Structures are given as structure tokens and as C-alpha cells.
Amino acid sequence: MSEVKSDLIEVTLPDNSVLEVERGKTVADVAYSIGSNLGDDAVAGLVDGEKVDTYYELNEDCRLAIITIDSEDGLDILRHTASHIMAQAVKRLYQGVKIAIGPTIKDGFYYDFDLEENISQDDLEKIKQEMQIIVEEDLPVRRREYPRDKAIELMKERDEDYKVELIQELPDEEVSLYHQGEFVDLCGGPHLPRTGMLQAFELLSVAGAYWRGDENNPMLQRIYGTAFAEEGELEDYLRQREEARKRDHNRLGRKMDLFMTSDVIGQGLPLLKPKGAKIIQQLQRFVEDEEEKRGYIRTMTPFMAKKDLYEISGHWQHYKDDMFVIGDEDQDEEVLGLRPMTCPFQFMIYKDKLRSYRDLPMRFSETSPLFRNEASGEMHGLIRVRQFTISEGHLICTPEQLEKEFRGVLDLINYMMETLGIEEDIWYRFSKWDPEKKEKYIDNEPAWHDTQKKMERILEKIDLDHTVAVGEAAFYGPKLDIQFENVHGKEDTIITVQIDFSLPERFNMTYIDSNNEEQRPYVIHRTSIGCYERTLAMLIEKYAGAFPTWLAPVQVKVIPVSDDQHQYAGKIADRMRDHLIRVEVDDRDEQVGYKIREAQVEQVPYMLIVGSREVESETVSVRERREGDLGEMELDKFIADINREIAEKRS
């Protein structure tokens with residue numbers, strides 16, 4: 001006789017207490033049996049480690065945790081359901097629309113749509129209103145399992161080509177589709193049990209996105225949104241987002257007349273205007289002077305080279321798609337590549353002479369314009385561009401010098417970050433190779449393990465707090481990345497330090513040791529301040545345009561009260577220019593108060609107001625952009641004070 005199963009099962013809760021529950025009861029039933037508030041807040045369950053919907057039936061002994069709407073997992077489920085509700089609203093409003101994918105992301109969600117009609121920012125309100133109707137309909141959201149063939153057939157009937165493509169690629173024979181009213185979507189779930197649980201949401205923006213991120217695929221329309229468990233949390237987020245928008249370098253940098261772009265010139269090729277160029281100039285002077293103090297020697301190398309050089313370095317094999325290539329081998333033309341980095345050029349300088357261990361370490365540095373063929377969808381303001389300038393350097397050293405040189409590089413980087421005032425805004429990431437994707441890297445597994453061990457030991461000895469990212473290494477070696485987030489929360493790399501085991505061998509770089517034997521050096525690739533354009537973007541957002549005085553494109557604005565003081569204002573400006581202070585005279589026929597307000601909007605650090613009293617006493621009235629009126633002061637004292645502030649590079 002077959003064993004008769006009991007009508008009761010044991011459900012173990014996170015605190016290890018055990019409930020006896022009738023077989024077939026749902027996650028929601030158990031939540032309500034524990035407490036009505038828990039039942040109301042339940043959006044899913046975790047059954048033996050697997051997330052399930054609240055209507056999932058429990059038929060065997062199991063461990064169960066209730067996922068509530070106010071938890072991190074609950075918020076993700078809430079936002080995922082919001083993306084489905086948004087897609088349903090778009091389907092209701094637009095004829096012939098095809099839906100692609102709609103995942104959650106940090107702080108929200110998006111959905112991609114294929115339709116002929118362009119969705120504008122103004123259209124988001126009507127989509128939101130339709131979403132609100134779906135919320136008020138309080139539709140049940142239910143998961144159904146289909147054989148793969150049936151799911152494909154259903155999506156073909158609904159003319160959802162993108163869903164058909166996705167289902168065809170799934171390895172499983174069973175496919176889960178979620179239904180809410182007339183809307184059906186491919187999804188692994190779980191979801192809110194009903195649409196009425198979505199209360200606090202907002203649609204944020206519209207953008208273009210290629211299907212699967214491939215520019216050879218159709219361009220889709222992407223709508224971004226966000227959702228929270230409570231209205232207050234949404235309001236807080238929207239306030240923070242507005243503050244971020246005000247600080248966004250792409251908006252603020254243009255408003256401050258620092259840079260511009262032109263469709264005639266092309267994407268990813270920003271033009272630095274005089275004020276932006278002045279900031280970059282100050283950064284470059286600062287970096288080059290500091291590097292020289294630390295024993296770096298400068299080079300100047302070509303912007304392009306024959307493909308032969310890149311074949312030696314491995315860039316042609318591993319990086320060609322990201323390079324700009326000139327010429328066509330099929331037409332018997334010489335093929336050149338714009339340089340994506342400077343290392344191969346500096347290695348050729350090293351190889352020009354026989355080197356001794358007494359010559360090492362050699363610290364090459366260069367302010368290097370570089371070129372990378374970024375995809376059009378990846379480019380953004382000054383953060384990701386196709387031409388940029390980098391504070392590039394390569395340290396060639398003996399194995400015994402490796403740790404000391406690595407420490408020296410980190411000391412330089414930390415000094416740069418502290419001087420810029422952003423040391424609290426960065427963190428470190430140890431980027432390793434991925435042995436499962438060897439085709440991305442130089443093929444030398446023992447060398448990868450050995451070099452990563454060396455970097456690990458150095459990081460342990462200096463006790464550097466860092467995260468680890470497998471698969472983010474350069475193709476020729478592991479690296480330490482300095483990371484930051486822009487005002488919108490997107491993480492990016494601003495500086496890298498790499499230990500290179502491969503290129504010294506590929507370029508046959510050697511030195512003669514103390515025993516008169518030929519040895520292979522180590523190479524450290526590094527930037528000291530990273531890409532200047534990206535650093536400028538970061539500084540715009542960090543300081544909301546109010547740059548430290550030493551970096552400000554205009555450090556002083558002289559404001560005469562009337563025409564009678566124009567000559568005196570000009571003399572003041574000339575005196576300050578003699579002391580290399582960046583100064584402008586605002587001699588427009590406007591009220592003094594208006595000129596002061598404009599200078600404050602421009603974030604000029606100091607304003608010198610000069611009227612008849614100041615002319616008579618040969619003084620200036622000083623205003624600081626934050627502290628306001630500092631009173632009357634002799635010009636020489638003001639010059640001495642501001643020059644001291646500039647020299648100290650106060651942030």
C-alpha cells in the first residue's frame with residue numbers, strides 16, 4: 001500500500017520556530033496566520049531559498065521567510081511589477097507597440113518598446129495616468145507555466161517578436177508567463193499579487209536604446225521610472241534627483257560655459273571652451289609639476305602608429321574593435337591606428353638603449369591625447385568620450401622595486417585626490433581576470449596567477465580597503481581601479497594602476513642586472529589623475545560649479561560702481577594679472593547689485609567692489625561668494641591672501 005501523506009506539513013520560519021500548516025496553504029495564508037499586518041505587507045516568499053509568489057502553495061515541509069514590501073527584495077519586486085504595469089499602459093495607449101525587456105535597475109526600472117510613434121517627455125504624464133487606472137483596477141497578477149512551444153505560439157499570436165526571440169533561447173522546456181488583465185509578459189517573477197499594491201511611482205525620462213545593446217539591432221524607446229513602498233520615500237528620492245540634476249556636469253558645465261558639443265563635429269568629441277580649457281590647463285600644470293618632483297621623466301609620442309606596433313602589444317588582437325583604424329589592407333594601403341593608450345610608444349623609447357639595473361626604476365609620464373571608438377549609446381558628456389587626454393605613466397622596474405614603486409604610485413594618486421578634495425568620494429576595486437573567458441586576455445595562466453598574487457600581497461601589506469571584481473582586468477594584467485559615482489549613482493573608473501607581466505616580454509624589454517645577466521623588468525601602468533575630461537566632470541558635480549579658488553577659471557571679478565571707476569578697476573586687474581591671478585572687470589552699464597548677483601551665479605570666488613571711496617583710499621571692498629562682504633582691504637594684502645590660498649590649493 002502507498003503511504004498516505006498527512007494533511008499537515010511543517011514550515012520552519014527564520015527564527016527556527018516551526019508552524020504546522022495544512023498542505024496546500026499559500027505563502028499569503030501563512031503570513032496572515034502569523035499576523036494581519038505581515039499578511040497585508042507580504043509581496044512574496046522565500047521557500048527553501050527560492051523566491052516565489054504569495055499564492056504559491058506549500059505542499060512539503062520547508063523553510064519559509066516572508067518578503068515584505070518595505071524590504072530590499074520587496075522593493076525590487078514592487079519595481080519589477082511597476083515595469084509590467086507601465087508596459088501594459090503603453091500597450092493600451094499605442095497601437096502596434098512591441099515590448100522588449102523591462103528589468104529593475106538601481107533606484108528604479110525601465111522598459112524598452114518598439115513603436116513607430118515617438119514617445120516624448122510630455123507623453124509620460126498620460127502613460128502615468130493610464131498606469132494609475134491599472135492600479136485602481138487592482139488586477140490580480142498571476143504566474144502560469146507553459147510548454148516552451150505553447151509560450152512561443154502565444155507570443156506569436158500577440159505579435160511580440162522580441163519575446164519570441166527570448167523564449168527560443170531559453171534552455172527550459174517550461175516557461176513562466178505573468179498575466180494581469182489583458183497583459184501577458186515573459187518573466188521569472190515573483191511579482192506583487194495584485195496591481196493595486198503599487199501606490200508611489202513616477203515616470204522619469206525617455207531615451208533610445210539598441211535591442212540587446214547592439215547598434216546593429218533596432219533602436220528601441222526606453223522609458224525609465226521608479227517606485228517606492230511609501231509616498232514619502234518617493235518624494236525624498238525626487239528631491240534628491242532634482243539636486244543631482246542641478247549638479248549634473250552635462251547640464252551645469254554647459255550652463256557655466258565650460259564646454260559644448262556640436263553635431264557637425266560628432267558624438268563623443270566635446271569642445272572645451274576658454275573657461276573649461278583654463279581648468280584643464282591648471283590641472284595639467286599641477287600634475288606635470290608634481291610628477292616631475294617625484295622623479296618622472298616626460299615623453300611626447302605620436303597620436304598614431306602602424307598596426308605593427310599594436311600587433312606586438314596585443315591591442316590589435318584584443319582591442320581593435322575599440323580603435324579608430326585608418327587605411328585598408330585589402331586595398332594594399334598602409335594601415336594605421338589612432339592610439340588607445342601610450343604604453344607601446346614609451347616601451348619603444350625604453351628599448352632604444354641598453355638599460356642597466358642602475359637605470360631603474362624609470363618613470364615615464366606623458367599628457368596623452370587618446371582615442372577610443374566608444375559606441376554611440378555609451379557616450380555621455382565628458383564622462384565617456386571618443387577623444388580624451390590622460391595623465392599617463394609607465395614605471396619600469398626590477399622585481400625587487402615593484403612593491404616600493406606600487407606604493408609610490410598610490411601615494412601620488414592619494415595626494416592628487418586629497419588636493420582635489422574628493423578623497424572621501426572614491427573607493428578601490430581590485431580587478432582580476434576571468435579564467436572562464438580566457439579569450440579576452442593574454443593567454444598565460446601561470447603569469448596571471450603569479451601577478452595577481454603579487455598585487456594581492458601588496459594590497460594586504462598596505463592594508464588597503466578594496467572590493468574585488470572578477471573579469472574587469474586589462475587584457476594584459478590585473479589592475480587596481482579607483483571608482484566613483486556620478487550624481488545619478490552610475491559607477492565609473494577614474495584611475496587605474498596595473499601590474500603588467502605580458503608587454504615586457506612581448507616587446508622584449510630587458511635590463512642588465514648586477515651579475516651582468518639579462519633580466520626582464522616589471523611594468524606598472526598608471527594614471528595619476530585619470531582622464532582630464534572625466535576629472536573635470538567629477539569636479540563640476542562635486543562642487544556644483546563652485547570650484548576651489550586655485551581651479552576657478554575666473555578667480556576675481558572687479559566691479560566698478562560707476563563709469564568714474566573704470567580706469568581704477570583696470571589698474572587693479574593689471575596688478576593682479578602681474579601676479580598670475582585670473583581676473584575679469586565687469587564694466588557693463590548695470591547696477592552693482594545685478595553685477596554681484598551674476599558673479600555669484602557664475603561662482604566667482606571673489607568680487608572686488610570699487611567706488612569713489614576705494615579710489616580715494618586706493619583700496620578694494622572684498623566680497624567672498626559664500627561669506628559675503630569681507631570689508632575694505634588694501635590691494636596688496638588681498639593679492640597676498642589670495643595667492644596664499646591658490647598656492648595651498650585649498651579645496
Side-chain angles (χ1 to χ4, degrees), residues 287-301 305 309 312-315 341-368 390-416 430 442 444-462 464 473-480 495-528:
V287 169
E288 290 175 0
D289 289 348
E290 186 61 33
E291 287 177 339
E292 191 166 346
K293 290 177 189 175
R294 296 178 184 238
Y296 283 84
I297 50 180
R298 303 202 64 73
T299 63
M300 291 183 68
T301 56
L309 181 70
I312 296 171
S313 68
H315 288 93
M341 56 270 297
T342 313
C343 45
F345 299 85
Q346 291 188 332
F347 295 163
M348 297 305 291
I349 292 174
Y350 177 86
K351 280 171 54 67
D352 187 51
K353 292 182 180 180
L354 183 66
R355 306 292 182 178
S356 160
Y357 72 96
R358 291 188 178 90
D359 299 320
L360 304 185
M362 292 189 75
R363 306 182 186 112
F364 289 121
S365 66
E366 184 166 333
T367 301
S368 306
I390 196 169
S391 59
E392 194 159 21
H394 299 91
L395 294 85
I396 303 164
C397 61
T398 69
E400 297 77 20
Q401 295 167 336
L402 181 65
E403 180 179 332
K404 181 180 178 182
E405 292 304 305
F406 195 93
R407 285 173 176 262
V409 167
L410 287 186
D411 184 70
L412 172 61
I413 291 169
N414 288 331
Y415 172 71
M416 296 287 173
F430 180 22
I442 296 292
N444 189 337
E445 187 166 347
W448 274 103
H449 289 302
D450 178 63
T451 309
Q452 288 187 167
K453 284 286 185 187
K454 283 183 169 62
M455 188 177 283
E456 280 177 340
R457 282 196 292 269
I458 293 172
L459 297 179
E460 287 172 4
K461 287 180 74 172
I462 63 179
L464 185 71
F475 72 82
Y476 47 79
K479 57 194 176 90
L480 183 67
I495 295 174
T496 63
V497 184
Q498 302 146 16
I499 298 178
D500 180 0
F501 64 84
S502 173
L503 297 190
E505 182 176 349
R506 294 177 73 94
F507 278 88
N508 194 27
M509 297 166 64
T510 61
Y511 68 93
I512 305 302
D513 70 9
S514 58
N515 296 319
N516 208 33
E517 294 179 352
E518 198 172 68
Q519 301 293 346
R520 190 81 68 198
Y522 272 94
V523 168
I524 299 174
H525 302 244
R526 49 103 277 192
T527 58
S528 53

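Below, each value reflects all heavy atoms present in this structure, side chains not excepted, and no hydrogens, waters or symmetry copies. Predicted model, so just to flag it, every value in this text is computed and none were measured.
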To check you understand the geometry: which heavy-atom pair defines the closest contact between His315 and Cys343, and what is its length? CE1-SG, 4.2 Å

I need the Arg520 CZ to Phe507 CZ distance, nearest 0.5 Å. 12.0 Å

If I compare all heavy atoms of His525 with all of Asp500, which pair ends up nearest, and what's the gap? NE2-OD2, 2.8 Å

With no hydrogens and no angle check, is any side-chain donor or acceptor of Asn515 less than 3.5 Å from a backbone partner on Glu517? no

Arg506 to Phe347, cation-pi by 6.0 Å centre distance and 45° axis angle: no

Output yes when Asp289 and Lys293 qualify as a salt bridge under the 4.0 Å nitrogen-oxygen rule, no when they do not. no

Distance-minimising heavy-atom pair for Ile396 and Leu360: O-CD2, 3.7 Å

Please assess Leu480 against Leu464 for the test side chain to side chain contact (heavy atoms under 4.5 Å, CB included), listing each intermediate value before the final yes or no. CA-CA 11 Å; Leu480 183 67; Leu464 185 71; 3.7 Å; yes

Compute whether any side-chain donor of one residue and acceptor of the other, for Gln346 and Thr301, lie under 3.5 angstrom apart. no

Testing Glu292, Glu290, Glu291 for salt bridge (charged side-chain N to carboxylate O under 4.0 Å, His left out) with Arg294, which one passes? Glu290

Would you name the heavy atoms of Leu309 and Met348 that are closest together and state the gap between them? CD1-CG, 3.9 Å

When rounded to the nearest 0.5 angstrom, what distance separates CE in Met341 from OG1 in Thr527? 11.5 Å

Stepwise side chain to side chain contact (heavy atoms under 4.5 Å, CB included) check, Val523 with Tyr350: CA-CA 11 Å; Val523 168; Tyr350 177 86; over 6 Å; no

Going by heavy atoms in the side chains, are Glu518 and Ile512 under 4.5 Å from each other? yes

Member of Ile499, Leu395, Leu410, Ile495 meeting the side-chain contact (heavy atoms from CB on, under 4.5 Å) criterion with Arg526: Leu395

Rounded to the nearest 0.5 Å, how far does OG of Ser528 lie from CD1 of Ile413? 7.5 Å

Apply the test side chain to side chain donor-acceptor pair (under 3.5 Å) to residues Glu366 and Thr342: give CA-CA distance (whole Å), side-chain angles for both, the deciding distance (0.1 Å), then the verdict. CA-CA 8 Å; Glu366 184 166 333; Thr342 313; 5.0 Å; no

Worked verdict on Tyr357 versus Gln519 for side chain to side chain contact (heavy atoms under 4.5 Å, CB included): CA-CA 9 Å; Tyr357 72 96; Gln519 301 293 346; over 6 Å; no

State the CD1-OG1 distance between Ile390 and Thr496, to the nearest 0.5 angstrom. 6.5 Å

CG of Asp359 to SG of Cys397: how many Å apart, nearest 0.5 Å? 13.5 Å

Any side chain to side chain donor-acceptor pair (under 3.5 Å) involving residues 400-410? Give me the pairs, sequence neighbours left out, ordered by first then second residue. Arg363-Glu405, Thr398-Glu400, Thr398-Gln401, Glu403-Arg407, Glu403-Lys461

What is the minimum heavy-atom distance between Ser356 and Tyr511, and which atoms define it? C-CB, 4.3 Å

Which of these, Tyr522, Trp448, Phe475, sits in a ring-ring contact (aromatic ring centres under 6.0 Å, His included) with Phe501? Trp448

Rounded at 0.5 Å granularity, tell me how far CZ in Arg457 sits from NZ in Lys453. 7.5 Å

Between Glu288 and Arg298, does any side-chain N to carboxylate O distance fall below 4.0 Å? yes

Might you point out which heavy atoms bring Arg355 and Thr510 nearest each other, and give the distance in Å? CB-O, 4.0 Å

